[in-house]
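Counting convention: from 1, in listed order, for ligands and their atoms alike. For clarity, every value in this text was computed on a predicted model and none was experimentally measured.
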Amino acid sequence: MALYVQKFGGTSVGSTARIESVADKIISYRNQGHDIVVVVSAMSGETNRLLGLAHDIDPQPSPRELDVILSTGEQVTIALLSIALQKRGCDARSFTGGQVRILTDEAHTRARIREIDDKKIRHELAQGRVVVVAGFQGTDEEGNITTLGRGGSDTSAVALAAALKADECQIYTDVKGVYTTDPRVVEDARLLRSITFEEMLELASLGAKVLQIRSVEFAGKYKVPLRVLSSFEEDPGTLISLEEETEMEAPIISGIAFTRDEAKITVSGVPDVPGIAYRVIGPVSDAGIEVDVIVQNVSADGTTDITFTVKRADAEQTRQIIGRIASDVKARDISLDTKIAKISLVGVGMRSHAGIASKMFKTLADESINIQIITTSEIKISVVIDEKYLELAVRSLHSAFGLGEAGKG
Ligand code: ASP
Ligand code: MG
């Protein structure tokens, strides 16, 4: 008998009919003798609807009140699911984050979990009940309702699994699992049966949207076996595990992530002196803007160019900040390009294999795609290219590295 934490996302509980089929699924596990703790999201679209209501009144509502309203989405689903389970003769009880005592810090709308009291849940499980917990929420020291940031139910599920030392945390969603790349872009994308935390973390932070990044970090830190699977199909999905596959089966590249949501800023002709990178990038990060890729050129004439990327949504604000410091840092020119895309190859096999980067560059060259920026880390290589060629680039790389069904060895 195992203990599973099963999380069902917004589309999986998007209607009462779907909630009833989730109940059937839970009962089938229950009938195998397992203990089940369920974490649910709000019904799909609900969190946005609630957000819209608040914004109708005030475009900048108080974060505390926003959390009070946003947390109601999940509260509806826990009750509906418990009703569906009870109707089927399954003893079940719903709990809000505060009732379990999921203790968070006070950072409204992006709170972090500090501690989970597992006593109540263990007590309920011991009575033979299925425990249904509202995802995405907790309460702070003072009892104020907090939420964990968009997509936060994944983190709730992983944190509960860690606190309860569950055998597996299963994230049920509307896709079959984690793919080699986005199947909407590459038809041939293949479902991965397993992937390491490290790789998943890179893929998640590089634009693969299956799991909230924080939940993957959390699972890696507390060594919670995590599985992503479909709530609509019978399929074991993708296991995210601590162990790398044995050397012989291991693919060198696990997946290709990409994002269109960045913009590139180049500050050219600044003096090549100590402190210059800090004087350019410092004011941007001080404004709370996340800087991603950064490159600085070697200088020939005592000046250098610094290029970096930020989220496209922050591009205009960044340009203004750089505009204000431009004369101060003696910049010759500032340019902004919002039509870029970043593509990243990810794989733990890169550690032990040479030639991945050159194969990537050759593949892009063969398609006449110009690379604007290159960055690498131990298990990833990223390039920034013109957004126009994104799909072509991803498809070519996917086939060059034999990632599709056809390339499966
Ligand atoms: N309902 C919240 C959201 O839409 C949390 C979640 O679904 O994970 O972001
Ligand atoms: Mg989600």
Side-chain angles (χ1 to χ4, degrees), residues 5-16 18-19 22 37-55 61 63-82 94-100 102 104-105 107-113 116 132-140 145-163 169-175 177-178 200-201 204-205 207-219 224 226-232 237 240 261 311 313:
V5 172
Q6 303 187 319
K7 183 255 172 179
F8 293 90
T11 33
S12 308
V13 294
S15 64
T16 48
R18 286 193 169 172
I19 289 175
V22 165
V37 173
V38 185
V39 174
V40 285
S41 288
M43 295 168 81
S44 62
E46 181 63 7
T47 308
N48 285 339
R49 189 185 72 87
L50 296 168
L51 205 54
L53 290 176
H55 286 157
R64 183 188 182 279
E65 302 315 322
L66 209 49
D67 277 351
V68 174
I69 185 170
L70 291 186
S71 65
T72 63
E74 273 72 10
Q75 193 169 330
V76 170
T77 345
I78 51 169
L80 290 175
L81 180 57
S82 300
S94 66
F95 295 94
T96 63
Q99 286 175 319
V100 171
I102 297 178
T104 72
D105 61 18
H108 285 292
T109 75
R110 53 188 165 81
R112 291 192 167 254
I113 297 176
I116 294 181
V132 183
V133 181
F136 176 57
Q137 56 176 266
T139 45
D140 69 8
I145 297 173
T146 53
T147 66
L148 309 178
R150 299 307 305 268
S153 299
D154 291 346
T155 300
S156 308
V158 172
L160 277 164
C169 180
Q170 304 176 335
I171 309 282
Y172 287 88
T173 179
D174 50 1
V175 294
V178 182
M200 190 61 227
L201 203 54
S205 52
K209 296 198 178 59
V210 244
L211 282 175
Q212 198 205 28
I213 299 167
R214 264 172 64 198
S215 71
V216 185
E217 279 168 2
F218 214 105
V224 178
L226 194 59
R227 189 181 288 280
V228 181
L229 62 179
S230 163
S231 36
F232 307 111
I240 300 151
D261 67 357
K311 285 267 171 300

Q: Return yes or no for this condition: an N or O of D154 is under 3.5 Å from an N or O of ligand 1.
A: no
Q: Return yes or no for this condition: an N or O of G151 is under 3.5 Å from an N or O of ligand 1.
A: yes
Q. Are G73 and ligand 1 in contact, using a heavy-atom cut-off of under 4.0 Å?
A. no
Q. Out of V40, L80, T96, which residue meets the side-chain contact (heavy atoms from CB on, under 4.5 Å) rule with Q75?
A. T96
Q: Using a strict 4.0 Å threshold on nitrogen-to-oxygen distance, state whether R49 and E46 make a salt bridge.
A: yes
(Q) I want to confirm something. Looking only at heavy atoms, which of S153, S215, S156, G149 is nearest to atom 6 (C) of ligand 1? (A) S153
Q. For S215 and T155, what are the C-alpha separation, side-chain angles and deciding distance, and is it a side chain to side chain donor-acceptor pair (under 3.5 Å)?
A. CA-CA 4 Å; S215 71; T155 300; 4.7 Å; no
Q) Can you find a pair of side-chain heavy atoms, one from K7 and one from Y172, that are under 4.5 Å apart? A) no
Q. Is there a heavy atom in E74 that sits closer than 4.0 Å to ligand 1?
A. yes
Q. Do any nitrogen or oxygen atoms of K7 come within less than 3.5 Å of a nitrogen or oxygen of ligand 1?
A. no
Q | Numbered atoms and elements of ligand 1 in range of R150, under 4.0 angstrom, heavy atoms | A | 3 (C), 4 (O), 9 (O)
**Q.** Verdict with reasoning, T11 to S44, per side chain to side chain donor-acceptor pair (under 3.5 Å)
**A.** CA-CA 5 Å; T11 33; S44 62; over 6 Å; no
Q.
Under the criterion side chain to side chain donor-acceptor pair (under 3.5 Å), I'd like the reasoning laid out for D67 against T147: C-alpha separation, chi angles, the key distance, then a yes or no.
A. CA-CA 6 Å; D67 277 351; T147 66; 2.6 Å; yes
(Q) Quick check on contacts: which atoms of ligand 1 are under 4.0 angstrom from a heavy atom of S41? (A) 6 (C), 7 (O), 8 (O)
